Amino acid sequence: MTNKEIRTRIAPSPTGDPHIGTAYISIFNLAFARQNGGKFIIRIEDTDRERYIEGTDKIIIENLNWLGIEADESPEIGGQYAPYVQSKRLHIYKEYIKKLLDNESAYYCFCTKERLEGLRNTQIHSHTQPKYDKKCLSLTKEEVEINIKEGKEYVIRLNVKPGIDIKFNDLIRGEVSINTDSIDDQVLIKNDGFPTYHFASIVDDHLMKITHVIRGEEWISSTPKHILLYKAFGWEVPSFAHTSLLRNKDRSKISKRKNNTSILWYKEQGYLPEAIINFLILLGWSNPSGEEIISTHEFIKKFSFDRMTKSGPIFDIDKLNWINGVYIRKKSIDELKKLVKPYLKYDIKPSKLDKILKITQERIKKLNEINDLISFFVEDIFPPSELLHEKYDKETTDKILKFALKTLKDNGINKDSELKLKEHALQEKYNVGDFFMVIRIATCGRKVSPPLIDTLDILGIEEVEKRIQNSIGR
RNA sequence: GGCCUCGUCGUCUAGUGGUCUAGGACACCAGGUUUUCAUCCUGGUAAUCGCGGGUUCGAAUCCCACCGAGGUCACCA
């Protein structure tokens with residue numbers, strides 16, 4: 001007995017920016033396939049030529065790769081069931097729709113959009129479910145042929161028989177049962193000759209030997225249509241798992257208007273791929289150990305459907321920020337230097353940058369904060385007068401600064417000077433914190449900085465002297 | 001509106017009949033470390049487990065009804 005190879009897939013459509021929800025679904029598909037020594041496939045579903053945006057398919061795959069989501073088979077790397085782009089598989093769908101027409105699971109429909117519109121409106125007004133009324137099902141073969149000869153536009157619909165309960169065992173939700181009364185005669189082939197998602201994905205999933213369809217909850221109600229299609233072909237039905245949907249703060253399905261849904265945005269902000277993935281994992285699955293920081297590698301080992309969450313989690317960026325900080329703090333200085341480079345707008349000598357990063361690392365939550373965090377190391381500073389004199393009057397401020405400068409020049413920038421300054425502050429009955437704050441503002445131009453002596457050391461005595469002199473007498 | 005899914009601290013969740021006066025994480029607050037911020041450590045606020053019935057000696061956990069939220073009802077995916 002040979003175990004069937006587990007094969008999962010994601011099927012993004014190239015209609016815009018790479019979506020965070022695609023990454024969310026991907027990570028579970030990938031984990032399940034890898035855990036079982038199976039294959040994870042990316043297939044591009046570009047059957048909607050109206051919403052198609054050229055080039056976005058490449059960008060989607062590129063950004064999934066950036067997140068560490070790499071397929072075993074895809075348009076880019078190919079595979080034994082290529083092509084992995086639906087617009088290149090039109091001849092296949094054409095061939096397969098014939099079978100459905102032949103065994104009367106599908107039928108031609110010549111109804112105009114106007115008629116369908118009117119039908120729907122009356123149904124909505126009478127509070128019944130909008131559904132096609134099967135008018136064209138009664139057309140004879142001859143009538144169909146005549147219509148086609150006359151060049152009438154048509155679609156091909158699935159013939160759904162009413163009154164049947166379609167049941168499937170969802171790997172996440174358990175048994176789901178939906179009656180065919182609530183299912184429309186789905187269009188399979190559009191009047192432009194392109195298949196709809198419902199038809200193309202079933203044909204492709206079968207041909208590509210997909211064993212487990214792991215997708216978002218929004219697909220639950222169309223799953224019976226898909227099962228009907230498999231049955232109409234006489235094909236084996238794959239297993240289904242419907243994950244919860246990422247939500248906005250108001251609990252609606254995550255959307256561009258209310259959230260940053262583009263992976264591009266997260267990249268620009270300086271979120272680390274492993275942090276994003278870790279966060280997404282947490283939103284859909286719970287670790288039996290309770291630990292929340294988990295690598296993709298470990299997740300693949302521990303994944304199971306019974307720990308997938310059923311309710312739709314709100315995408316809480318606060319938690320992502322925390323996770324990102326955790327991952328940034330774990331990096332070595334060399335790694336951090338590489339990570340920060342694309343965000344850094346200053347040209348800083350590597351040895352100096354090393355020192356800066358060493359004392360800045362634990363303060364970075366997102367990589368794009370780096371410039372704000374370290375600007376005063378490289379840019380000239382102009383501490384506002386009111387900030388400079390926030391703690392003491394001008395005379396006292398100058399006194400403190402003069403003493404600080406002398407101490408640092410005489411002893412160098414080191415622990416010894418720091419101690420001397422502190423002793424002096426104590427002796428003169430200054431508040432130690434306030435005393436150092438004056439020096440910080442004069443040298444850093446701000447109230448927040450890494451530890452002062454380390455900071456001044458990086459600036460160097462010359463620059464420190466210049467900055468303090470500039471603040472004296474103001 | 002029909003159908004489907006879901007419902008534990010503000011948020012993400014643990015929990016599968018007794019060890020739950022409900023545990024953890026983020027956020028928030030306080031204290032400690034510290035010359036600021038951050039990190040780190042300690043502690044705290046916060047869910048009568050959507051509501052109401054029932055089953056049971058005992059229910060967050062089982063059952064029913066209700067309510068709420070979401071999804072879906074396209075020649076979009």
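Throughout, protein chains are lettered first and strands after them, A, B, ... in sequence-line order, and every chain is numbered starting at 1. None of the values given here were measured: they were computed from a predicted structure. Values reported hereafter were calculated over all heavy atoms of this structure, with side chains retained and with hydrogens, waters and symmetry mates removed.
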Under the side chain to side chain donor-acceptor pair (under 3.5 Å) test, which residues partner A/E217, sequence neighbours left out? none
Looking at A/S311, I'd like to know whether one of its side-chain N or O atoms comes within less than 4.0 Å of OP1 or OP2 on B/rG7. no
So what does A/R215 touch, heavy atoms closer than 4.0 Å: a base, only the sugar-phosphate, or nothing? nothing
Stepwise salt bridge (charged side-chain N to carboxylate O under 4.0 Å, His left out) check, A/R467 with A/E463: CA-CA 6 Å; A/R467 290 184 180 193; A/E463 180 67 20; 2.7 Å; yes
With a 3.5 Å distance limit and no angle check, can you tell me whether A/R173 reaches the backbone of A/H242 through a side-chain donor-acceptor pair? yes
Does the cation-pi check pass for A/K330 over A/Y327, that is, NZ or CZ under 6.0 Å from the six-membered ring centre and within 45° of its axis? yes
Base contacts versus sugar-phosphate-only contacts with protein, heavy atoms under 4.0 Å: please encode nucleotides 70-77 of chain B as B, S and - from 5' to 3'. SSSSSBBB
Determine the Euclidean distance between corresponding P atoms of B/rU11 and B/rU33; express it in Å to zero decimal places. 35 Å
Once the angle between the rings of A/F435 and A/H424 is folded into 0 to 90°, is it parallel (under 30°), tilted (30 to 60°) or perpendicular (over 60°)? tilted
Close residues, residues 437-446 of chain A, relative to RNA chain B [heavy-atom separation under 4.0 Å]: A/M437, A/R440
Quick one: A/L387 CG to B/rU36 P, roughly how many Å, whole number? 16 Å
Applying ring pair (Phe, Tyr, Trp, His ring centres under 6.0 Å), run through A/W219 and A/F240 and close with a yes or a no. CA-CA 10 Å; A/W219 293 105; A/F240 292 100; over 10 Å; no
Hey, does the Lys NZ or Arg CZ of A/R446 hover above the aromatic six-ring of A/F376, less than 6.0 Å from the centre and inside 45° of the axis? no
Considering only atom C1', compute the distance from B/rG68 to B/rU45 and round it to an integer number of Å. 27 Å
Can a side chain N or O of A/R173 be found less than 4.0 Å away from OP1 or OP2 on B/rC4? no
Is there a Watson-Crick or G-U wobble partner for B/rC73 with both distances under 3.5 Å, and which nucleotide is it? B/rG1
Please state whether the rings of A/F28 and A/F303 are parallel, tilted or perpendicular, taking 30° and 60° as the class boundaries. tilted
Over how many whole Å does the gap from A/R363 atom CZ to B/rC40 atom P extend? 12 Å
By the 4.0 Å heavy-atom rule, please label A/T309 as base, sugar-phosphate, or nothing. sugar-phosphate
Which nucleotide wins on minimum distance to the side chain of A/V176, given the candidates B/rC4, B/rC37, B/rA27? B/rC4
Sugar-phosphate only, base, or nothing, as touched by A/G290 at under 4.0 Å among non-hydrogen atoms: nothing
Residue closer to the 5' end of RNA chain B, A/I314 versus A/D306 (nearest nucleotide): A/I314
Whole-Å distance, A/N324 CG to B/rU39 P, equals 13 Å
Compare the minimum distances between each of B/rA14, B/rU36, B/rU39 and the side chain of A/K365, then state the nucleotide with the smallest one. B/rU39
By the definition side-chain hydrogen bond (donor to acceptor under 3.5 Å, both in side chains), identify the one residue from A/N368, A/N321, A/N324 that meets it with A/Y271. A/N321
Under 3.5 Å: donor-acceptor pair, side chain of A/D457, backbone of A/I453: no
If pairing means Watson-Crick or G-U wobble with both distances under 3.5 Å, then the partner of B/rG7 is B/rC67
Rounded to the nearest Å, what distance is computed from the CG atom of residue A/N278 to the C1' atom of nucleotide B/rU13? 14 Å
Once you round it to whole Å, what is the distance between P of B/rC37 and CD of A/Q361? 20 Å
Looking across every strand, which nucleic acid part, if any, lies under 4.0 Å from A/S177 by heavy atom: base, sugar-phosphate, or nothing? sugar-phosphate
ring-ring contact (aromatic ring centres under 6.0 Å, His included) partners for A/H206, two or more places apart: A/W235
At under 4.0 Å between heavy atoms, which parts of nucleotides 42-51 of chain B does protein reach? Answer with one letter per nucleotide, 5' to 3': B base, S sugar-phosphate only, - none. ----------
Both A/T128 and A/L282 contact RNA chain B. Taking the nearest nucleotide for each, which residue is further toward the 5' end? A/T128
Which value, in whole Å, describes the distance between the C1' atoms of nucleotides B/rC64 and B/rU42? 48 Å
Are the charged groups of A/K358 and A/D354 less than 4.0 angstrom apart, N to O? no
The side chain of A/D318 lies closest to which of these nucleotides: B/rC4, B/rA27, B/rA14? B/rA27
Do A/Y93 and A/F194 have ring centres separated by under 6.0 Å? no
Using Watson-Crick or G-U wobble geometry with both distances below 3.5 Å, tell me the partner of B/rC40, or none. B/rG32
Is there a donor-acceptor contact under 3.5 Å from the side chain of A/D184 to the main chain of A/K131? no
To the nearest Å, give me how far apart CD (A/E292) and P (B/rG23) are. 16 Å
So does A/K319 reach the base of B/rA25 with its side chain, donor to acceptor, closer than 3.5 Å? yes
Closest approach to the side chain of A/W322, judged atom by atom: which nucleotide of B/rC26, B/rA14, B/rC6 is it? B/rC26
Taking pairing as Watson-Crick or G-U wobble with both contacts under 3.5 Å, can you name the mate of B/rA59, or confirm there isn't one? none
Taking any heavy-atom pair under 4.0 Å as a contact, classify A/S286: base, sugar-phosphate, or nothing. sugar-phosphate
Gap in Å between the two C1' atoms, one belonging to B/rU36 and one to B/rC49, rounded: 43 Å
Whole-Å distance, A/L283 CG to B/rA25 P, equals 18 Å
Does A/R49 have any side chain to side chain donor-acceptor pair (under 3.5 Å) partners at least two apart in sequence or in another chain, and if so, which? A/D192
Please report the distance, rounded to the nearest Å, between CD1 in A/I276 and P in B/rC12. 20 Å
Select base, sugar-phosphate, or nothing to describe what A/P288 touches, counting heavy atoms under 4.0 Å on all strands. nothing
What integer number of Å spans the P atoms of B/rC6 and B/rA14? 14 Å
